[in-house]
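A short write-up of the structure that comes next.
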Amino acid sequence: MSPSVEKRFLAIVGGTVFSCIIPLFVLLLAFSTERAASRRENAIAMVVEANAQALAKPLWDFDSESVYQIAATLVSSSNVDGVEVKDVTDGIDIQIPLKADRSNMLQVSRPIFYLHEEGPKDVGRITVYYQKKGMLDGLRNTEMIFMGIFLLAVIIILLAAIIGNRLIVMKPLLRLTAAIEATRRLGSRHAVDWESNDEMGRLAQSFNAMQMKLQAEENELKNAHRLATDIYNLTPAMLFSLDRKDRITSVSDYWLLATGYRRQDVIGLAFSTFLPQEERCTFLKARTTDDSATRRRECTTKFACADGRIMDVLIVESSRLPQEGSATLSLSVMTDITALKQSEALNRQQAITDHLTGLINRQGFEQALEAEIAATNREGGTLACLFVDLDRFKWINDNLGHQAGDMALRRLVGMILPQLPEGSVAARIGGDEFAILLRSDDAETAAELAAARICGIFETPFVIKGAATRLSASIGIALYPHHAQTAAELLQKADMAMYNRKRDGKNGLRIFDDTIGSSARRRAEIEEMTEQALKRDWFDAYLQPITDLSSGRTVGYEALMRLRHPVKGIVAPMDIITVAEETGAIHEIGKQVFGKALEHFTELSKLTGDTASYLALNLSPLQIDASLPVWLASAVHLFNIDPARIIIEITEATLMRDNPQIQMILRRIGQFGCRIALDDFGTGYSSLSYLTRFPVNIIKIDQSFIRAITAESEELRLRSRLLIEGIAAISHKMKCAVVAEGIETDIQRQELRAIGVDYGQGYLFGKPMAFEELSAQMKNNDSMKLRA
């Protein structure tokens, strides 16, 4: 043992030397070398700076001999190995020594300035070359002596540590080892023959004291079993032990007190006999599964006490595998968790309850729906699911506050519940959305009656916080098993029926049918097709020409969205736009279509050389937001288009919102240089007022008026003509150009031209065409003109 400890000590010392002393010495050497190199570089830099000043006059005077003498004097320095001096005209180029290999040398270079009356003049450059010194070359004698003293001190310290370890540590350690070996080998207690006032002396004293206490510890072990038994019985926990056959081998006094049994009546009985019949299999199965590392089992079950009381208990059992010649040891703790189980049941009830209205929430409704479907399958009949959405409820939150909204919801629930038949299940599954379950032999009739009663609640204005508002309810009804086979499907179809009712005008009920499913599927198909079109760049912009009715010249194009499906071909845009406005995809569609339109318009302008025609872009009200002017500016810059050639077409529906933000955005667009066109003019109830409140430049008369000027009824033709004349006159007074939409016959064109309409658009002049078709048509027209 002694040689091993000493070797470890030497290893530690050696490791300390190699890991600490030597790196420190190397660091010191490197630091000294760096300082020497720094001193040398500073000296050379000062020499270069001084000689740069000395060379300024000779270089200015082209005195090459003086330059050479100064350079030769500089090379004679012990730190300089080469000098190169050049003037800015390369007239003087002195290198000392000549043709020396300077590839491995370090260099310092400085420009040479001559101080002229007009200011400093750059006259040349001086470069000094010097050899890189080794690690020890630049050290001074004092530094070398200091390092030698450092190494000698380290060696002396190491020798002192080794000798001290042998005398102070190893000698008493050997004696202690001998005493321990004698105790182990002979079985008797041996003391250590060592006395000192240091740690080794205290170690020897402690060892001797330990030997004296061995007898006392042996006596204490004799009392261990009796003490463990006392603790087992006195512990305030229900402790018991089982053998491998599930028989009770011992129970604590507290177990007997809590259960009411007597010890002699339970010892030897199977523990499962105290459990209800339905719990026994679960308990015995839990005993067969354990943590193989700790032999720990845990389960919850019910326990029958002596007085017939049933407790919910948690049993945790820990066991040890039998040793040779001994039985299996196990210890179980049984804890009464009856109150905890009751609290958990209360928490579960609270988790599925809407705390505002007292109804069950969505989670509780889903559980109730599954249970009602199972009951319908067992008992027959039908199950109706009513999905109720309150119309215009958002007005209360927005204008009276959410506290008023919560108060209104509680009052509404109190009014709705009495209208429901007995056995109904009502739930609040969203902010102002409710679901109701009715199960009966004729659930459809019961659901219609309940829905009618709920709608009747809203016939009188609803007063909250002194404010009266008219609310209503849109109700969708779906039946199980007629409309759905699963809980999720039933709720979904009731939701679809409600949504269909809301789209058709709100305030009423709608029972699900196949047409609703087809509409929903069609909507889903459009959403999926729109998403695919955005990803795969299927959207395109078709262009329809706008023509000057007097000259027949094309003055512009209207960009119309088209979806080029690889299988279905060109898809009608109306359904796509409607769904896209509801889902918010209209913004991404607009970016793609407008980008294509600007690209096509730019190419057409290059093809025809036309720089005066304009491009009209249709905007949905949702697309008019704060980012629109920025996007227009970037698009115009990207395609290098005059902003005056871009027309933004908006409908009266956009202006009817009377949104100050929309007015501000339209004014910003007008200030940028783009023009505004009011589409479908004349169809709104306040069309003329928009001309004074908004920066409109072009009026587009709705095509319904254009068709009427060639109608069969003379009175209708006269009225339409007078109306168009009035619109054109007012528009011209407001300095707005007038475009007639939907011109299909030459008679319509002549009538409109006579009235004074400026431009026309319709199938008479050209249908909306793809860029390829339109450009091919233009090229064909150009070739025909050349042949003519």
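Residue indices begin at 1 and follow the sequence shown. The analysis underlying the following values was restricted to heavy atoms, covering all of them including side chains, and did not include hydrogens, waters or symmetry mates.
- For the residue pair T547 and R749, no side-chain donor N or O sits within less than 3.5 Å of a side-chain acceptor on the partner.
- Closest heavy-atom contact between S605 and R645: OG-NH2, 2.9 Å.
- The CG atom of D513 lies 14.5 Å from the NE2 atom of H482; values are rounded to the nearest 0.5 Å.
- Around atom CG of L449, more than 12 heavy atoms belonging to other residues, nucleotides or ligands sit under 6.0 Å away.
- Checking R707 against Q703 by side-chain atom types alone, a donor-acceptor pair falls below 3.5 Å.
- Taken to the nearest 0.5 Å, the CG atom of L479 stands 10.5 Å off from the CZ atom of F512.
- Applying the side chain to side chain contact (heavy atoms under 4.5 Å, CB included) rule to A740 yields the partners I706, I743, L752, V757; only residues at least two apart in sequence or on another chain are considered.
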Pair H483, I477 - check side-chain contact (heavy atoms from CB on, under 4.5 Å), show working.
CA-CA 10 Å; H483 299 145; I477 301 174; over 6 Å; no
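- Checked by atom type, the side-chain pair D391/S474 shows a donor-acceptor distance below 3.5 Å.
- Residues Y557 and L604 approach most closely at CZ-CD1, 4.3 Å, considering heavy atoms.
- Pairing each heavy atom of Q761 with each of Q544, the nearest pair is NE2-OE1, 3.1 Å.
- Scanning all heavy atoms of the two residues, the minimum distance from A451 to L509 falls at CB-CD2, 3.5 Å.
- The 12-atom threshold is exceeded at CG of D746, counting heavy atoms of other residues, nucleotides or ligands nearer than 6.0 Å.
- With contacts defined as side-chain heavy-atom distances shorter than 4.5 Å, the pair T554/F765 does not qualify.
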Throw together a table of side-chain donor-acceptor distances under 3.5 angstrom for residues 624-632, partners on residues two or more places apart or in other chains.
{"from": "D625", "atom 1": "OD1", "to": "S627", "atom 2": "N", "distance (Å)": "3.2"}
{"from": "D625", "atom 1": "OD1", "to": "S627", "atom 2": "OG", "distance (Å)": "2.7"}
{"from": "D625", "atom 1": "OD1", "to": "L628", "atom 2": "N", "distance (Å)": "3.4"}

side-chain contact (heavy atoms from CB on, under 4.5 Å) between Q592 and L534, worked out
CA-CA 8 Å; Q592 281 198 12; L534 288 171; 3.8 Å; yes
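- Under 4.0 Å is where a charged nitrogen must lie from a carboxylate oxygen, and between D432 and K394 no such pair does.
- The number of heavy atoms from other shown groups lying within 6.0 Å of CZ (R719) does not exceed 12.
- Looking only at distances, a side-chain donor or acceptor of T382 sits under 3.5 Å from a matching main-chain atom of A443.
- For R564 against A770, the heavy-atom pair with the smallest separation is NH2-CB, 2.7 Å.
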Should L386 and F434 be marked as a side-chain contact (heavy atoms from CB on, under 4.5 Å) after you check the CA-CA gap, both sets of side-chain angles, and the distance that decides it?
CA-CA 8 Å; L386 289 75; F434 299 87; over 6 Å; no
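- The stretch residues 479-493 participates, sequence neighbours left out, in these salt bridge (charged side-chain N to carboxylate O under 4.0 Å, His left out) pairs: E489-K493.
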Working for side-chain contact (heavy atoms from CB on, under 4.5 Å), residues W538 and Q532
CA-CA 8 Å; W538 289 347; Q532 293 293 325; 3.9 Å; yes
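- The two atoms that bring D702 and E741 nearest to each other are CA-OE1, 4.0 Å, heavy atoms only.
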Please evaluate residues D537 and K596 with respect to the criterion salt bridge (Lys or Arg N to Asp or Glu O under 4.0 Å), reporting the C-alpha separation (whole Å), side-chain torsions for both, the decisive distance (0.1 Å), and the verdict.
CA-CA 10 Å; D537 197 25; K596 294 286 184 67; 3.1 Å; yes
